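Notes for the one structure printed next.
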Amino acid sequence: MQQGWTVLGLLRWLTDYFGDKGISAARHDAECLLGAALAKDRVGLYLCYDQPLQADELDRIRPLVKRRAAREPLQYILGETEFWSLPLQVSPAVLIPRADTEVLVEEALARLQEQPGPVLDIGTGSGAIAIAVAHASGQEVEALDVSEAALELARANVARNHLTERVRLRRGDLYRLDGGPYRLLLANPPYIARIELDGLMPEVAAHEPRLALDGGPDGLDAYRALAAQAPQRLVAGGWLLLEVGDGQAEAVAALLAAAGLNRIYQRRDYGGLVRVVGGCRS
Ligand SMILES: C[S@@+](CC[C@H](N)C(=O)[O-])C[C@H]1O[C@@H](n2cnc3c(N)ncnc32)[C@H](O)[C@@H]1O
């Protein structure tokens with residue numbers, strides 16, 4: 001990047017450059033990074049397309065571009081993302097919350113509307129699910145993670161969303177659940193089969209925490225543990241609601257049934273894939 005760029009000129013160049021690096025949303029990412037470096041939103045950027053960029057502005061943009069070209073996720077570079085339209089801080093200590101996970105939040109809210117009660121978010125990471133459920137339901141939510149670094153970030157996100165009175169974070173292990181009994185057990189657990197981890201896109205494989213991804217040899221370790229423990233941690237009529245990966249729904253449904261849960265059901269996301277499997281303790 002030399003001197004003499006206008007905003008639009010650089011945006012076009014970056015879009016091609018990111019495209020060549022295999023980045024799919026190249027124009028979007030270029031806009032976000034340029035916007036971050038210039039402290040402008042997308043409309044602000046649009047309004048100054050013809051503006052020449054100063055040397056100090058180019059100096060701020062350069063390292064961000066370098067990181068994204070190396071396939072570091074945009075959200076880690078920006079340090080934040082949105083989930084359920086709420087702002088969340090993210091870092092390499094936590095999985096970047098995915099929009100698909102909002103389907104799990106929708107399911108949780110529907111169950112709470114039928115009957116409120118204690119909720120536990122297992123493997124909370126950035127706090128995304130707990131924060132969204134507490135925000136939208138007005139209910140108290142407990143959330144745990146085995147990672148202290150994740151809990152620290154989740155704490156910051158809870159405070160940022162003014163939910164310190166409603167979300168209680170604690171260290172805990174999904175393989176040794178305690179507390180309850182709960183009306184809802186929610187989890188988006190690590191579910192990638194270990195052998196598939198290195199074949200994931202570079203943004204995930206090289207940057208997101210293995211602890212958040214590694215589901216053991218077949219990807220189902222956490223589901224086995226959660227299904228087995230759910231009956232003793234749920235109230236009668238309580239639900240275990242699990243996010244599942246592509247192709248895992250039948251196996252997870254079988255685990256819930258084998259653990260004695262019933263009314264097993266599957267819910268698709270807006271892309272048509274089964275994203276949530278749920279089961280009820282009768
Ligand atoms: C797929 S991430 C989900 C994060 C967040 N709930 C979301 O949906 O964005 C899985 C989370 O489980 C946590 N985790 C992994 N192993 C765990 C364990 N044994 N006990 C508790 N949490 C664990 C990870 O630290 C990570 O935050």
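All ligand and atom numbering here is 1-based and tracks the order in the structure. Just so you know, these numbers come straight off a predicted model, no measurement behind them.
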What ring pair (Phe, Tyr, Trp, His ring centres under 6.0 Å) pairs are there with at least one residue in residues 219-248, not counting sequence neighbours?
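The answer is Trp239-Tyr265.
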When you pair each N or O of ligand 1 with protein N or O atoms, which pairs come out under 3.5 Å?
from, atom 1, to, atom 2, distance (Å)
ligand 1, 6 (N), Gly123, O, 2.8
ligand 1, 6 (N), Thr124, O, 3.4
ligand 1, 8 (O), Asn188, ND2, 2.8
ligand 1, 19 (N), Asp173, OD1, 2.8
ligand 1, 20 (N), Asp173, OD1, 3.4
ligand 1, 20 (N), Leu174, N, 2.8
ligand 1, 22 (N), Val146, N, 3.4
ligand 1, 25 (O), Asp145, OD1, 2.7
ligand 1, 25 (O), Asp145, OD2, 3.4
ligand 1, 27 (O), Gly125, N, 3.4
ligand 1, 27 (O), Asp145, OD2, 2.7

Side-chain heavy-atom pair Glu243, Ile129 within 4.5 angstrom cut-off:
no
Between Asp218 and Arg224, is there a side-chain N and carboxylate O pair less than 4.0 Å apart?
yes
Assess whether a salt bridge exists between Arg60 and Asp56, defined as any Lys/Arg side-chain N lying under 4.0 Å from an Asp/Glu carboxylate O.
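Judged by the 4.0 Å cut-off on N to carboxylate O distance, Arg60 and Asp56 do form a salt bridge.
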Using only heavy-atom distances, determine whether the side chains of Glu142 and Tyr182 contain a donor-acceptor pair under 3.5 Å.
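Looking only at side-chain atoms, Tyr182 and Glu142 do form a donor-acceptor pair, the distance falling under 3.5 Å.
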Answer yes if the side chains of Asn157 and Ser126 hold a donor-acceptor pair under 3.5 Å, and no otherwise.
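No.
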